[in-house]
Amino acid sequence: MPELPEVETVRRGLASHIEGRQIVDVTLNRKDLRFPFPDNFARRMTGMRIAHFTRRAKYLLAELHAPQNSEAPLYWLSHLGMTGRYMLYQPDGGNMEPGQYAHDVSAETAEKHVHVRLTLDDGAVLTYADPRRFGFMDLVDGAPEASSFLAHLGPEPLGNGFDAAMLYAACQGRKSPIKNVLLDQTVVSGLGNIYVCEALYMSGISPRRLACNVGRARLERLVPAIRTVLQAAIEAGGSTLRDFAASDGQLGYFQHQFRVYDREGETCSSDGCHASVKRIVQSGRSSFFCSACQR
DNA sequence: AGGGGGACCTGTGCGC
DNA sequence: TGCGCACAGGTCCCCC
């Protein structure tokens, strides 16, 4: 469940429960996901304490420390691919699954694809399920930003390094559609198909417009639109977290409403517009937009 | 060098 | 009810 807001929701949901905990057991049900697990993955994780659980783009990062020693930390990196999901089974029965998503398979189906199981020192069990196995995990020694997975990522879209000036620079000479540029994780990292469609709709820019033909004024609208769309989705995820906290994990489906994504044929939701939402395919992926509002 | 298309997987939902 | 096809949040890799 992959875009930045869902990954951030997973991070927020799990962080307070796993930070400070020691990993007492790691079980792998297979030797690979998208890539093989690194050598001695389970052995290297076992006994470590989870100090911080953070996010970079769509990656989750756990900083692990060996107890009673001050060696440099080890970083556990994971990416959810398209269908990865974490479940936390707590000893008091307050189970939780943060960050569910509209296209998820059922919980029962996900159960059949649990590939990793961590037991923590408070008795909680953290599982990772991933039916399509596009997700992956790695262990990183030293600075995680130097990892080959993170080294080439562009700035965080919600951070200070992302603004209209840098996006304008990135668009110069780019003959591909603006949509493709926004999906390029080396330009800005964390956006995916859904929120790019939503942000382009919100800022009135056609997904087909070539990046080199998007003027400064449009980019000045696009950047805050991206931020607004992501923030709203994170807040919607946060509201589901509260539902989960009060339940046994069966409630709180991710209810974020999309304005254009997956709404082909529906009437455009902009005031006074009676056009219908179109779907086209760009670089093999669906784009949803209003050809009247977006130019 | 940049960009497009295929590959990696399984599940789901639709039309016939 | 069953079968086949299209499609799904991502990104890596090859080839033009």
Side-chain angles (χ1 to χ4, degrees), chain A residues 1-11 29-36 55-60 77-86 97-115 128-138 147-154 157 169-199 207-212 229-230 233-234 236-237 240 253-258 260-265 279-288:
Chain A
M1 11 189 151
E3 299 186 44
L4 186 155
E6 291 76 32
V7 179
E8 177 61 17
T9 298
V10 170
R11 188 199 70 74
N29 292 336
R30 50 181 303 127
K31 62 180 179 11
D32 60 1
L33 294 171
R34 178 171 183 185
F35 308 118
R55 176 189 60 74
R56 172 73 171 104
K58 301 171 193 174
Y59 294 85
L60 290 165
L77 174 151
S78 69
H79 192 291
L80 302 172
M82 296 273 267
T83 53
R85 50 209 272 186
Y86 281 103
E97 179 180 7
Q100 283 203 6
Y101 195 84
H103 290 307
D104 274 350
V105 297
S106 69
E108 293 71 31
T109 297
E111 288 274 311
K112 298 175 197 156
H113 297 276
V114 170
H115 309 305
Y128 177 76
D130 189 352
R132 291 176 75 178
R133 301 200 306 276
F134 285 171
F136 52 88
M137 296 185 184
D138 198 11
S147 146
S148 60
F149 291 115
L150 307 185
H152 305 293
L153 293 174
C171 287
Q172 294 317 107
R174 286 272 214 153
K175 304 272 283 205
S176 55
I178 182 67
K179 188 201 180 200
N180 294 15
V181 173
L182 295 174
L183 288 173
D184 181 342
Q185 303 295 299
T186 69
V187 172
V188 56
S189 63
L191 299 178
N193 203 37
I194 291 179
Y195 298 108
V196 164
C197 290
E198 294 293 307
R208 292 192 280 211
R209 177 173 286 272
L210 298 188
C212 58
V229 160
L230 295 180
I234 290 170
T240 68
Y253 239 74
F254 206 95
Q255 290 291 338
H256 192 63
Q257 286 292 313
F258 306 127
V260 283
Y261 181 81
D262 211 15
R263 289 184 176 276
E264 182 182 16
R279 183 179 85 91
I280 59 173
V281 175
Q282 296 179 283
S283 296
R285 316 194 64 191
S286 291
S287 296
F288 299 89

Euclidean distance, atom CZ of residue A/R285 to atom P of C/dA8 [Å, nearest integer]: 9 Å

Between A/N193 and A/K179, which heavy-atom pair has the shortest distance, and what is it? OD1-NZ, 2.6 Å

Phosphate contact (C/dA8 OP1 or OP2) by A/S286 side-chain N/O below 4.0 Å: yes

When you check the phosphate oxygens OP1 and OP2 of B/dG4, does a side-chain N or O of A/N180 lie under 4.0 Å from one of them? yes

Under 4.0 Å between any heavy atoms, over every strand shown, what does A/R133 touch: base, sugar-phosphate, or nothing? Just pick one. sugar-phosphate

Rounded to whole Å, how long is the line connecting atom CZ of A/R34 with atom P of C/dT11? 9 Å

State, without any angle test, whether A/S287 and A/R208 hold a side-chain donor-acceptor pair at a distance under 3.5 Å. no

Sticking with atom P, work out how far C/dC14 lies from B/dC9, rounded to a whole angstrom. 16 Å

Any A/R279 side-chain N or O less than 4.0 Å from OP1/OP2 of C/dC7: yes

Would you say A/H79 places a side-chain N or O within less than 4.0 Å of OP1 or OP2 belonging to C/dT11? yes

Applying a 4.0 Å non-hydrogen cut-off, can you work out what A/G192 is touching in the nucleic acid: base, sugar-phosphate, or nothing? sugar-phosphate

Quick one: is B/dT12 close enough that its OP1 or OP2 comes under 4.0 Å of any side-chain N or O from A/T109? yes

In whole angstrom, give the distance that lies between atom CE of A/M82 and atom C1' of B/dG11. 12 Å

Measuring to OP1 and OP2 of B/dG2, would you say a side-chain N or O of A/K175 lies under 4.0 angstrom away? no

Do A/R132 and C/dA8 have a side chain to base donor-acceptor pair shorter than 3.5 Å? yes

In this structure, how many angstroms lie between the P atom of B/dC9 and the NE2 atom of A/H113, rounded? 14 Å

Is the distance from the ring center of A/F149 to that of A/F136 below 6.0 Å? yes

Does A/R174 make a side-chain N or O approach to OP1 or OP2 of B/dG3 shorter than 4.0 Å? yes

For the pair made of CG in A/L80 and P in C/dG10, what is the distance, rounded to whole Å? 11 Å

Using a cut-off of less than 4.0 Å, is there contact between a side-chain N or O of A/K58 and OP1 or OP2 of C/dT11? yes

Out of B/dG11, C/dG10, C/dC12, which nucleotide sits closest to the side chain of A/Y59? C/dC12

For the side chain of A/S176, starting at C-beta, report the closest nucleotide among C/dC12, B/dG4, B/dG11. B/dG4

For the pair A/Y195 and A/F258, name the ring-plane relationship: parallel under 30°, tilted 30 to 60°, perpendicular over 60°. perpendicular

Using the six-membered base ring of C/dT11, report whether A/F134 stacks on it, requiring centroids under 5.5 Å and planes under 30° apart. no

Distance check needed: C/dC12 C1' versus A/D184 CG, whole Å only. 13 Å

Rounded to the nearest angstrom, tell me the gap between atom CZ in A/R85 and atom P in B/dT10. 17 Å

Roughly how many Å is it from CZ in A/F136 to C1' in B/dC9, rounded to a whole number? 15 Å

Quick one, A/R285 and A/L183 - any side-chain contact, counting heavy atoms below 4.5 Å? yes

Tell me which nucleotide, if any, is Watson-Crick or G-U wobble paired with B/dA7 when both distances must be under 3.5 Å. C/dT11

Report yes or no: do A/R279 and A/S286 form a side-chain donor-acceptor pair below 3.5 Å? yes

Short side-chain N/O contact from A/S283 to OP1 or OP2 of B/dG4, under 4.0 Å: yes

